[in-house]
Chemist: 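Take a look at the following structure, please.
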Amino acid sequence: MGKAEVLALLREDEYISGEEISRQLGISRAAVCKAVSSLRTDGCLIDAVTNRGYCLKAAAPEESRLRALLQDCPWNVRVLRETDSTNNALKREPNAPHGSVLIAARQSGGRGRLGRCFSSPPGGLYLSVLLRPRAEAAELLHLTPMAAVAVRRAIQDCCGISAQIKWINDIVAEGKKLCGILTELSGEAGSGTLSAIIGIGINCNTLPQELPEAVRPIAVSLRQLLGKPLDANLLAAALVHRLYEMDAALLTQKNEWMQEYASACLTLGKQVQILRGRTRTAALAEGIDENGCLRVRYENGETALICAGEVSVRGMYGYI
Ligand code: BTN
């Protein structure tokens, strides 16, 4: 008798006392406490109120619920309680088929672009999908921007929030980071064995105090924006649906998706700094090309196309 049974007794809008749980399951009060604490570590948000008991505020990603929500999607979705990084975990499966989706309730070694760490406490949604596109790497430069549009659409579907995009891989709301995307390609060019892993980390129910101090001022979660917790399964299902739609559109509806990307991109029209290693160059962000590269104009009037590579773009005075 363990936490699955305890979880089954918790309701989203009703409190149940520890005593009642212990009576119904025939386990000790200490075992109830232990199960609740373990469920919290898994990413469940459980409220505890003296004299009332426990109430489930938001469920963590759960494979059986996700499968039920994704009956019309042929992709294979698995949920892990914890892994180092869902991108790494998929890389460790060289034979995983196209459309393998891995979700974790937390990551011990989450990775971001440019070798950065991506803090991944419980409450966030950490999802990677493996695609085996029938295309060459050069035809897939728009993969991250298309994934950004898919994330934006999923957030709109699930929460009614119209998020923006900070070039190239951040989803932003109220000027703060809601989500980051890390796309990794592998396989030999021209060999027809190319695979792409798109990793997406969304601050779903993340509490600011669970993030590193340096990140807190520039991060926001859906929970903060909505003023209440969100069922991570609904968000994950919306995201998988939108990624599935993206995969179908990858080579045929690129222009339409890239137009949506450009119109949601808050970097455009702004003075930015282009960061290459330790070098910072000021420029005006003027446009986005069909591959998602940023067209900029330097102060000397020259223009250039910035493609993701080793570059990051910041606002003149901060994150945006
Ligand atoms: C960034 O902000 O630079 C990108 C962050 C990408 C984070 C996601 S979480 C799921 C997947 N696993 C990882 O280790 N990274 C990506």
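Keep in mind it's a predicted model, so treat the numbers as computed, not measured. Just follow the structure's listing: the first ligand is 1, and inside any ligand the first atom is 1.
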Chemist: Check Y54 against G18 and note the closest heavy-atom contact, atom names and distance.
Modeler: CE1-CA, 3.9 Å

Chemist: Kindly give the heavy-atom pair with the smallest separation between S85 and G110, and that separation in Å.
Modeler: CB-CA, 4.5 Å

Chemist: Side chain or backbone of L114 under 4.0 Å from ligand 1, or both, or neither, by non-hydrogen atoms?
Modeler: neither

Chemist: Would you say CD of E19 has more than 12 non-hydrogen atoms from neighbouring residues, nucleotides or ligands within 6.0 angstrom?
Modeler: no

Chemist: What atoms of ligand 1 come within less than 4.0 Å of a heavy atom belonging to G110?
Modeler: 14 (O)

Chemist: Given G199, S85, C179, A89, which one has a non-hydrogen atom that is nearest to atom 16 (C) of ligand 1?
Modeler: G199

Chemist: I'd like to check which ligand 1 atoms, numbered from 1 as shown, lie under 4.0 Å from a non-hydrogen atom of G180.
Modeler: 2 (O), 4 (C), 5 (C), 6 (C)

Chemist: Are Q273 and R280 close enough that a side-chain donor and a side-chain acceptor fall under 3.5 Å?
Modeler: yes

Chemist: What atoms of ligand 1 come closer than 4.0 angstrom to any heavy atom of N169?
Modeler: 1 (C), 3 (O), 4 (C)

Chemist: Tell me: protein heavy atom nearest atom 9 (S) of ligand 1, and distance?
Modeler: Q107 NE2, 3.4 Å

Chemist: Which ligand 1 atoms, with their elements, are less than 4.0 angstrom from a heavy-atom of S128?
Modeler: 11 (C)

Chemist: Provide, to 0.1 Å, the distance between atom 3 (O) of ligand 1 and the closest protein heavy atom, together with that atom's residue and name.
Modeler: R113 N, 2.7 Å

Chemist: Report yes or no: do K166 and T267 form a side-chain donor-acceptor pair below 3.5 Å?
Modeler: no

Chemist: Identify, for atom 2 (O) of ligand 1, the protein heavy atom at the shortest distance, and state residue, atom and that distance.
Modeler: K177 NZ, 2.5 Å

Chemist: Tell me whether D84 is salt-bridged to R92, with the criterion being a basic N under 4.0 Å from an acidic carboxylate O.
Modeler: yes

Chemist: Can you report which non-hydrogen protein atom sits closest to atom 5 (C) of ligand 1, along with the distance?
Modeler: F118 CD1, 3.4 Å

Chemist: Could you tell me which atoms of ligand 1, counted from 1 in the order shown, lie closer than 4.0 angstrom to a heavy atom of L182?
Modeler: 6 (C)

Chemist: Around atom 10 (C) of ligand 1, find the nearest protein heavy atom and jot down its residue, atom name and distance.
Modeler: T86 OG1, 3.2 Å

Chemist: For residues P133 and L250, report the shortest heavy-atom separation together with the two atoms involved.
Modeler: CB-CD2, 4.3 Å

Chemist: For atom 15 (N) of ligand 1, what is the closest protein heavy atom, and at what distance to 0.1 Å?
Modeler: R111 O, 2.7 Å

Chemist: Between D289 and R295, does any NZ, NE, NH1 or NH2 come within less than 4.0 Å of an OD or OE carboxylate oxygen?
Modeler: no

Chemist: When you measure from the centre of the six-membered ring of F118, is the NZ or CZ of R111 under 6.0 Å away and within 45° of the axis?
Modeler: no

Chemist: Charged N to carboxylate O under 4.0 angstrom, R81 versus E62?
Modeler: no

Chemist: Within the 4.0 Å heavy-atom shell around G112, which atoms of ligand 1 are there?
Modeler: 1 (C), 3 (O), 4 (C), 5 (C)

Chemist: Which ligand 1 atoms, with their elements, are less than 4.0 angstrom from a heavy-atom of G201?
Modeler: 7 (C), 8 (C), 9 (S)

